[in-house]
Amino acid sequence: MNDIFREPLHHDARPAQEISGPKVVPLVPMIEEPRLALRDEGWDDLPEIKLDKRHLARNRIIAAARRDPAHVAINMLRTRLMSTIREKKWRTIGITSPRGGCGKTTLALNLAFSLAQQTNFKLALLDLDLHRPSLASRLGWYGQSDIESFLRGRANLSERLCRFKDQLAIATNSTQTSNAAELLMECVPGPAIRRMRDSLSLDLVVFDLPPMLATDDVLAILPSTDAIILVAAAGQTSMADIDLCEKELSLHSKFGGLVLNKTRYLPDRYGY
């Protein structure tokens with residue numbers, strides 16, 4: 001046997017009050033912060049976003065006004081995506097890119113506005129790029145902030161979401177989060193998203209995510225999505241990065257397709 005077990009335990013016979021040592025402090029029960037009593041809300045409770053068409057044009061958001069001929073390409077992407085959504089019954093998708101500068105947020109907004117053109121389809125777009133949120137600046141809308149409080153169930157829908165007509169709800173964010181991956185793993189499958197989906201009768205929830213090779217946020221949210229759309233930039237994104245992301249997403253059966261952005265060729269006009 002080991003020597004450490006051979007010596008008998010020493011019992012000190014002195015009275016307890018004479019024995020010096022650490023004192024036992026009674027535990028004080030932790031008082032939890034009272035949770036907000038959230039209201040039952042619908043589309044009419046959400047503030048309607050006021051769009052500045054010139055601001056949107058400067059930020060290449062063309063699917064809202066549909067004046068730029070290039071919006072036809074967005075609509076074609078939307079129609080293909082809608083076919084897949086209905087076929088595979090997707091309810092949650094994420095949009096990411098291998099690295100920054102590929103235009104994923106621009107695509108997410110254009111795609112959301114294009115999907116919202118259908119009167120029988122409701123969706124929400126959430127800014128979950130918690131390291132560099134940019135939906136608010138692209139839209140020129142700064143009425144909402146701190147999406148973490150919404151994800152943790154500490155804010156009403158009307159305090160964190162705005163709406164475009166009665167088809168598109170948008171949750172912007174202006175606060176960076178250091179523990180983004182942990183927050184996404186804990187809260188995206190939680191009650192806040194389910195409550196938003198049920199209260200607004202959403203057909204689809206779209207997440208604008210950070211670049212896939214920059215953080216582990218996309219991997220953290222994979223179990224809570226049906227598919228991830230990968231956005232690459234022509235002449236910028238390497239094939240090695242595309243292959244790496246596609247293989248990782250396919251490994252989890254979450255690869256929803258590749259969009260090649262920033263192509264130089266664009267027809268002068270559409271139509272016949």
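One-based numbering along the sequence shown.
Heavy-atom minimum distance, Ala124 versus Leu202: CB-CD1, 3.6 Å. What you find for Asp216 and Ala181 is that their closest heavy atoms are OD1-CB, 3.4 Å. The two residues Ile147 and Asp127 come nearest to each other via the heavy atoms CD1-O, 3.6 Å. Across every non-hydrogen atom of Pro210 and Asp129, the tightest pair is CB-OD1, 3.4 Å. Between Phe121 and Gln167, the shortest heavy-atom distance links the atoms O-NE2, 2.8 Å. For Val231 against Ile95, the heavy-atom pair with the smallest separation is CG2-CG2, 3.8 Å.
Looking at Gln117 and Arg78, their side chains do bring a donor and an acceptor atom within 3.5 Å of each other.
Contact annotation: the side chain of Leu107 approaches that of Leu77 to within less than 4.5 Å [non-hydrogen atoms, C-beta and beyond]. Counting heavy atoms from C-beta on, the side chains of Ile93 and Ile228 never come closer than 4.5 Å. You'll find the side chain of Leu258 stays beyond 4.5 Å of the side chain of Glu246, heavy atoms only. Using a 4.5 Å heavy-atom cutoff, the side chains of Thr175 and Glu148 are not in contact. The shortest side-chain heavy-atom distance between Leu115 and Asp203 does not fall under the 4.5 Å cut-off. Leu157 places a side-chain heavy atom less than 4.5 Å from the side chain of Arg195. Side-chain contact between Pro191 and Arg194 is present, with at least one heavy-atom pair separated by less than 4.5 Å.
For Glu182, there are no salt bridge (charged side-chain N to carboxylate O under 4.0 Å, His left out) partners at least two apart in sequence or on another chain. Judged as a salt bridge (charged side-chain N to carboxylate O under 4.0 Å, His left out), and not counting sequence neighbours, the contacts of Asp208 are Lys104. Residues that satisfy the salt bridge (charged side-chain N to carboxylate O under 4.0 Å, His left out) test with Arg99, not counting sequence neighbours, are Asp241. With sequence neighbours excluded, the residues that form a salt bridge (charged side-chain N to carboxylate O under 4.0 Å, His left out) with Asp166 are Arg163.
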- Task: Apply the test side-chain contact (heavy atoms from CB on, under 4.5 Å) to residues Leu51 and Trp141: give CA-CA distance (whole Å), side-chain angles for both, the deciding distance (0.1 Å), then the verdict.
- Result: CA-CA 8 Å; Leu51 297 176; Trp141 174 260; over 6 Å; no
- Should Val188 and Leu128 be marked as a side-chain contact (heavy atoms from CB on, under 4.5 Å) after you check the CA-CA gap, both sets of side-chain angles, and the distance that decides it? CA-CA 10 Å; Val188 172; Leu128 294 189; 4.2 Å; yes
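When hydrophobic residues (I, L, V, M, F, W, Y) are linked wherever their side-chain heavy atoms come within less than 4.5 Å, Leu260 remains an isolated member. The hydrophobic cluster containing Leu251, built from Ile/Leu/Val/Met/Phe/Trp/Tyr side-chain heavy atoms closer than 4.5 Å, comprises no other residue.
The closest donor-acceptor contact from the side chain of Asp45 to the backbone of Ser158 lies at 3.5 Å or more, if one exists at all.
To the nearest 0.5 Å, the span separating CG on Leu168 from SG on Cys162 amounts to 8.0 Å.
A salt bridge links Glu186 to Arg152: one of the charged nitrogens lies within less than 4.0 Å of a carboxylate oxygen.
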